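Everything numeric in this text was worked out from a predicted model, so none of it was measured. Residue numbers start at 1 and run along the sequence shown.
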Amino acid sequence: NILPYLYATSFVMPSADDFGFSNSIKEKIGEGKGYFVSAVILTLESYFTWQGTYFCNFLLYLTAPFVRYGIWGIRGLCFISILFFYVSLYYLVKCVMENYFHIKERLKSAFLFSVIVCVISNLRIPSENYFLYNGVCAYTIPLTFALLGVQFLIKYIVEKQKNIYWWAAIFLGIAACGGTLQHAAFLCYVYLCLVMWAWKSKKLHTKKLIIAFGIPLLGAIINVCAPGNFVRHGSIGDG
């Protein structure tokens, strides 16, 4: 079920917002600024004039695949993002099965993963999720980071003193909350559920878990409160 998506990336062409982002970054590079500095400047401009998706916009400007590598740059990154998403989904399923349901058999995790993939494959999957690079950075990559963040937070709760999992959950949470608000809401809700789970089961002192939930929540609030959101809505109406 995954292979057709991977194969289809070999036909991806830049379209819509891909050109707008490419043109903006190319202009900044022409002014003598590097990709990182240009990405920061353009992300701030977008935050105040278009929308609050800070991670999505920064990633688009920084990678700039069409400008840097041409059509095959976009195709390659779409391929990687699809693969990255499904690998992350598998390991999250495995993590939940082992640590919440206490089921260690990999075959059962693989079966549940296959069922989930089958369900996803039979839903209406908008083409911009996989085959429009702008959509990949707005939807697929933040969702992938959210899946990874949830996995690391579960591991921190279960394995306790491994702070690397705590830091990873915070970083990935901030990134996920910088994509579309649907993914920010999903991550904050699941993080809050994990805090409650840890508190009720007395698996871990919840102070650091509240911090791990609160920092991404702050990122989501920053996304929501971006002046550009209101500028954008004022210019396009209710559409």
Side-chain angles (χ1 to χ4, degrees), residues 9-85 88 126-146 148-149 167-168 170-184 187 215-216 218-236:
T9 60
S10 62
F11 301 99
V12 167
M13 296 291 287
S15 62
D17 291 341
D18 288 337
F19 292 108
F21 280 91
S22 296
N23 184 60
S24 297
I25 194 69
K26 195 169 184 179
E27 286 182 355
K28 288 296 179 185
I29 296 299
E31 295 173 5
K33 298 179 175 63
Y35 279 98
F36 182 83
V37 174
S38 298
V40 171
I41 293 172
L42 290 168
T43 299
L44 287 173
E45 289 180 3
S46 297
Y47 184 81
F48 287 100
T49 61
W50 188 243
Q51 63 185 21
T53 52
Y54 54 86
F55 173 73
C56 160
N57 292 342
F58 180 75
L59 188 61
L60 280 163
Y61 290 126
L62 182 65
T63 56
F66 188 47
V67 174
R68 287 183 162 187
Y69 313 112
I71 290 174
W72 283 103
I74 286 183
R75 290 173 178 173
L77 287 173
C78 286
F79 181 96
I80 291 170
S81 72
I82 293 171
L83 195 61
F84 188 33
F85 168 71
S88 302
S127 60
E128 64 264 26
N129 285 8
Y130 290 156
F131 308 119
L132 172 66
Y133 188 66
N134 180 75
V136 165
C137 290
Y139 305 117
T140 306
I141 294 179
L143 179 56
T144 302
F145 276 36
L148 288 171
W167 284 109
I170 290 175
F171 171 78
L172 292 165
I174 293 170
C177 288
T180 60
L181 294 177
Q182 295 97 318
H183 299 128
L187 179 125
I215 294 177
L218 178 61
I221 292 171
I222 290 171
N223 190 342
V224 170
C225 294
N229 291 335
F230 304 97
V231 173
R232 181 184 185 186
H233 288 180
S235 65
I236 63 177

Derivation of the side-chain contact (heavy atoms from CB on, under 4.5 Å) call for Asn134 and Leu60: CA-CA 7 Å; Asn134 180 75; Leu60 280 163; 3.1 Å; yes
Derivation and outcome, side-chain contact (heavy atoms from CB on, under 4.5 Å), residues Phe55 and Asn223: CA-CA 9 Å; Phe55 173 73; Asn223 190 342; over 6 Å; no
Taking every non-hydrogen atom, the tightest pair across Tyr35 and Ala64: CE2-CB, 4.1 Å
Candidate list Cys56, Ser38, Ser24, test side-chain contact (heavy atoms from CB on, under 4.5 Å), partner Tyr61, passing option: Ser24
Shortest non-hydrogen contact between His183 and Pro142, atoms and distance: ND1-CB, 4.3 Å
More than 12 heavy atoms from other groups under 6.0 Å of CZ on Phe36: no
Trp50/Val231 under side-chain contact (heavy atoms from CB on, under 4.5 Å): CA gap, chis, key distance, verdict: CA-CA 6 Å; Trp50 188 243; Val231 173; over 6 Å; no
Value rounded to 0.5 Å, distance of CD1 in Ile82 from CD1 in Ile141: 10.5 Å
Ser15 backbone acceptor or donor facing Asp18 side chain under 3.5 Å: yes
Spacing of CZ belonging to Phe11 relative to OG1 belonging to Thr9, to within rounding of 0.5 Å: 9.0 Å
Closest approach of Tyr47 to Pro227 (non-hydrogen atoms, all atoms of both residues): CE2-CD, 3.6 Å
Test log, rule side-chain contact (heavy atoms from CB on, under 4.5 Å), inputs Asn23 and Phe19: CA-CA 6 Å; Asn23 184 60; Phe19 292 108; over 6 Å; no
From NZ (Lys28) to CD1 (Ile41), nearest 0.5 Å: 5.0 Å
Donor-acceptor contact present, side-chain Ser81 to main-chain Cys78, <3.5 Å: yes
Heavy-atom closest contact (Gly34 atom, Ile29 atom, distance): C-CD1, 3.7 Å
Verdict with reasoning, Tyr139 to Tyr130, per ring-ring contact (aromatic ring centres under 6.0 Å, His included): CA-CA 9 Å; Tyr139 305 117; Tyr130 290 156; over 10 Å; no
Taking every non-hydrogen atom, the tightest pair across Leu148 and Phe84: CD1-CZ, 3.5 Å
Aromatic contact, Tyr133 with Phe21 (centres under 6.0 Å): no
Asp17 (side chain) donor-acceptor with Gly135 (main chain) under 3.5 angstrom: no
Qualifying residue for side-chain contact (heavy atoms from CB on, under 4.5 Å) with Val12, from Ile74, Ile71, Leu132, Leu77: Ile74
Side-chain (Asn229) to main-chain (Val224) donor-acceptor, under 3.5 angstrom: yes
Approximate separation, where rounding is to 0.5 Å, of Asn57 CG and Leu62 CG: 12.5 Å
Shortest non-hydrogen contact from Ser22 toward Phe66: OG-CB, 3.7 Å
Rounded distance [0.5 Å steps], CD1 in Ile215 versus CG in Leu218: 8.0 Å
